[in-house]
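Here is the structure we will look at, set down as structure tokens.
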Amino acid sequence: MMYTLLTVEEPSPEKLASVLAECFRTDPETVEVSGADADPDTRAWDALVSCEYEVLRGDVAWSLSLHARDGVPDRPDEPELARRPAGSAGTGSTRWRCPSPGCRACASR
């Protein structure tokens with residue numbers, strides 16, 4: 001399943017991996033986070049959850065392209081995934097939104 005989300009803060013890649021592991025209910029070791037300009041040879045292409053981030057300017061900090069493979073225990077739809085970080089334990093101020101126009105889950109945040 002593919003997802004596109006936008007962050008309003010810049011979490012570290014390690015923190016983002018931890019948040020994604022919690023959101024997808026999997027182990028952090030199964031999550032790979034890389035910048036869009038990362039060397040393809042250093043990527044963990046067999047990760048259950050992969051996230052590629054791109055730094056943006058303005059009110060939105062990062063664009064996230066996520067892929068959750070079939071073996072991921074929980075693969076929510078995009079609006080549900082956008083809601084999860086706010087309720088995740090230990091995530092601090094990590095917030096993101098899905099870029100879908102008119103998404104009620106994101107508009108209410």
Side-chain angles (χ1 to χ4, degrees):
M1 184 166 233
M2 298 290 297
Y3 304 87
T4 301
L5 299 174
L6 304 171
T7 66
V8 294
E9 285 106 14
E10 282 187 52
S12 69
E14 296 79 18
K15 180 178 179 183
L16 183 55
S18 176
V19 170
L20 291 172
E22 195 167 336
C23 289
F24 286 103
R25 293 175 175 83
T26 189
D27 294 323
E29 298 81 30
T30 66
V31 178
E32 187 257 346
V33 176
S34 294
D37 58 353
D39 180 352
D41 292 335
T42 64
R43 302 281 306 263
W45 296 108
D46 59 343
L48 286 180
V49 177
S50 60
C51 173
E52 182 175 288
Y53 65 88
E54 182 176 355
V55 178
L56 304 175
R57 295 181 185 204
D59 294 338
V60 179
W62 284 1
S63 172
L64 307 176
S65 296
L66 302 160
H67 181 254
R69 295 172 59 149
D70 288 339
V72 174
D74 188 6
R75 296 187 312 165
D77 63 17
E78 198 166 72
E80 172 62 21
L81 182 62
R83 285 192 299 267
R84 287 187 177 184
S88 297
T91 60
S93 62
T94 300
R95 294 179 293 151
W96 53 38
R97 299 175 186 272
C98 64
S100 304
C103 175
R104 288 186 219 143
C106 297
S108 67
R109 296 175 89 189

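Everything numeric here is computed off the predicted structure, so don't read it as measured data. The first residue of the sequence shown is numbered 1, and numbering continues consecutively from there.
Side-chain contact between C23 and L81: present, with at least one pair of heavy atoms (C-beta onward) separated by less than 4.5 Å.
D39 contributes a side-chain N or O that, together with a main-chain N or O of D41, makes up a donor-acceptor pair within less than 3.5 Å. Formation of a donor-acceptor pair under 3.5 Å by the W45 side chain with backbone atoms of S50 is not found in this model.
Scanning both residues, Y3 and P76, for their nearest heavy atoms gives OH-O, 2.5 Å. Scanning all heavy atoms of the two residues, the minimum distance from A36 to E52 falls at CA-CG, 3.7 Å. Here the shortest heavy-atom pairing between M1 and R75 reads N-NH1, 3.5 Å. Here the closest non-hydrogen pair linking A82 and L5 is CB-CD2, 4.1 Å. Heavy atoms only, all atoms of each residue included: V60 and T7 are closest at CG1-O, 3.3 Å.
Not counting sequence neighbours, the partners of T30 by the side chain to side chain donor-acceptor pair (under 3.5 Å) test are T26.
Between W62 and Y53, the angle of the ring planes stays under 30°, which puts this pair in the parallel group of the 30/60° scheme.
Once rounded to the nearest 0.5 Å, the distance linking CG of L16 with SG of C51 reads 4.5 Å. The distance from the CG atom of L64 to the CG atom of L6 is 7.5 Å, given to the nearest 0.5 Å. With values rounded to the nearest 0.5 angstrom, L48 atom CG is found 10.5 Å from H67 atom NE2. Annotation: the span from K15 atom NZ to L20 atom CG amounts to 12.0 Å, rounded to 0.5 Å.
In this structure, R69 does not pair ionically with D46, as no charged nitrogen and carboxylate oxygen lie closer than 4.0 Å.
Shown here is D59, whose CG atom has no more than 12 heavy atoms of other residues, nucleotides or ligands within 6.0 Å.
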